Amino acid sequence: MSRILLSTTIPYVNARPHLGFALELVQADVLARHHRLRGDEVRLQTGTDDNSLKNVQAADAAGVAVRELVDRNAAEFARLAGPLSLEFDDFVRTSADLRHRAGVERLWRACAEDLYRKHYEGLYCVGCEHFYQPGEQCPEHDAPLQHVSEENWFFRLSRYQDELYELIASGRLRIEPAGRRNEVLAFIAGGLADFSVSRSRTRARGWGIPVPGDPDQVIYVWWDALGYYLTALGYGDGEHGRWWGGADRRVHLLGKGVLRFHAVYWPAMLLSAGEEVPTDLLVHDYLTVEGRKISKSGGAAVDPVGLVSAYGVDALRWWLLRDVPRVGDADFTAERLVARHDDELANGLGNLVNRVAGMVHRYRDGIVPADRDPALDGVRAGAPDTVAEALEAFDFRRATGAVHEVVEVANRYVSQVKPWQLAREGSARLDPVLGTLVETCREVAGLLAPFLPDAAVRVAARCAGPGERLPAPAPVFPRLGGTA
RNA sequence: GGGGCGGUAGCUCAGCCGGUUAGAGCAGGGGACUCAUAAUCCCUGGGUCGCGGGUUCGAGUCCCGCCCGCCCUACCA
């Protein structure tokens, strides 16, 4: 048994949650449930990045107070847990949690010897909070660039270059998939420059956490947001040891767009503060919707809660886990979601459970026989290991595929042994066949638990033990599409 | 401009250190069965493995160049 700390990134809350973030939440939830079921000590944390300037801009655009917009949207993210059947242990809001602010301040002080003030000058686009080179124009905003000249705090990232490289190259900090690790190594090898970790209070619009001892500066939002991994654990009070340094695995899930912050800046900050670095960074790619990029500020966006009410949480989770490749963006369409659900859950697993129940009722008055047939022993024994291996490799497709494989083998088995024929012949083989099928369905329910917790409960409810009475047959997964 | 990752059957994708006739699922076509949610099971896959060269006895699988998509990154006017 080991102690595992799992975390998602915290999204900024300038808009309501979209499907893309649901992917990360569900992946994290699956890993957490998987490890809990194996007896590991697990903690899964998520939250929201309230202090991003984007939130201020969104509030301006909407004509509401920042506090109001942030509170409202953050609540939407927290509420995702219900519809998506997520089970997280903690939800941190960077603007509302006292422990967060205290922790960020402490982290700042812990890194004090790597922080220094430097004068900085540049052309700044307020729209995207980014500096540009002279002569450049912001590709996204028409507004003229502002000349900014101010003194900021900088972090001495440069001195950690070799240590970071070694950490990642050696695998002590594992980055998955491997392509992402290479990307980071190439970046580090290219040389690391110190980066700015504060901005003037005015430029930050007074929103954010002030630099300790320098109230005219606000801590850079990335410093703030990354700190959440530590602050949620009680870093501000020095109570984080059990779950940070004390964990066997510190696993961050993140999207490809924020890889550098997690693979370079964050570990460097931790080294500076004298803390352990993460053990695993699991990087996912993005979702598109009907071929279009998902964006918070317009364009295609799909509401995960809406999808759940339309298709159910099992169908949505199954699609996210089953259809999204380990590498590469995946395109979401309702058609694909329905197809996966109907083919594998309704016609595959649901029908299996239902036909087995039907036969037990028809031939054995609903009482589950106690006899066994070893025919399915092979797949059944192999599936848990395959699932564990696949999840270790961050391959949700292969993991769910292993579960589905058991269903397919069981369905094939039914048509091979033809229980209806055995019944007609009054064969003694009928009992072991039916007993084994019911038992296999129960095992599938168990295998399914980390992926589709709701469905797992429903399936389990239809599988009684030997000698017990089975509920009357009824579809566990009603088809979503029309008749095939 | 540099770097990375993709480009494999209609669709979604597997193919590790190069090696027998290039695979799976879905869709499509044919058949069987009847326990079941018009479900299940069996049979059916001749695709220039993006393009062009090269290395090799032999290359989706390695090397070079190019094209397309995506990502990261860059003081080139």
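Chain naming here is simple, since letters A, B, ... match the order of the sequence lines and numbering starts at 1 in each. Note that the structure is predicted; figures quoted are calculated from it, not measured.
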Using the [atom1] atom as the reference point in each nucleotide, state the distance between [N] and [M] in Å, no decimals.
N	M	atom1	result
B/G19	B/C62	P	10 Å
B/G18	B/G25	P	28 Å
B/C66	B/G3	P	10 Å
B/G47	B/A9	P	11 Å

Original post:
So, is B/G69 syn or anti if syn means the angle is within 90° of 0?
Top reply: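 For B/G69, whose glycosidic angle is more than 90° from 0, the conformation is anti.
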Between [N] atom [atom2] and [X] atom [atom1], what is the distance in whole Å?
X	N	atom1	atom2	result
A/Leu422	B/C33	CG	P	17 Å
A/Leu287	B/U12	CG	P	15 Å
A/Arg355	B/A38	CZ	P	12 Å
A/Phe187	B/C5	CZ	P	17 Å
A/Asp343	B/G25	CG	P	11 Å
A/Arg322	B/C11	CZ	P	20 Å
A/Trp420	B/C35	CH2	P	8 Å
A/Tyr286	B/C72	OH	C1'	11 Å

**OP:** Kindly confirm or rule out a cation-pi arrangement of A/Arg458 over A/Phe477, judged by NZ or CZ under 6.0 Å from the six-membered ring centre and within 45° of its axis?
**Re:**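 So A/Arg458 does make the cation-pi contact.
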[X] side chain N/O closer than 4.0 Å to the phosphate oxygens (OP1, OP2) of [N]?
X	N	result
A/Arg412	B/C42	yes
A/Asn354	B/U37	yes
A/Arg424	B/U34	yes
A/Arg362	B/C35	yes

Listing time: all N or O pairs from protein to nucleotides 68-70 of chain B that are below 3.5 Å?
none

With a non-hydrogen cut-off below 4.0 angstrom, is [X] in contact with a base, only sugar-phosphate, or nothing?
X	answer
A/Arg398	nothing
A/Val356	nothing
A/Ala339	nothing

Original post:
Hey, what do you get for CG (A/Asn152) to CZ (A/Phe155), rounding to the nearest 0.5 Å?
Top reply: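 The CG atom of A/Asn152 sits 15.5 Å away from the CZ atom of A/Phe155.
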Subject >> Inter-residue atom distance A/Leu226.CG - A/Leu107.CG, 0.5 Å rounding >> reply: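 Taking CG in A/Leu226 and CG in A/Leu107, the distance rounds to 9.0 Å.
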Original post:
Are A/Asp323 and A/Arg336 within salt-bridge range, i.e. N to O under 4.0 Å?
Top reply: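 No, this pair does not count.
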Subject >> Secondary-structure string, 5' to 3', Watson-Crick or G-U under 3.5 Å, | for another-strand partners, for RNA chain B >> reply: (((((((..((((.....[...)))).(((((.......))))).....(((((..]....))))))))))))....
Subject >> Over 12 foreign heavy atoms within 6.0 Å of CZ, A/Arg117 >> reply: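 Enclosed.
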Original post:
Do A/Arg326 and A/Glu176 have side chains that get closer than 4.5 Å, going by heavy atoms?
Top reply: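 In short, these two side chains touch, coming nearer than 4.5 Å.
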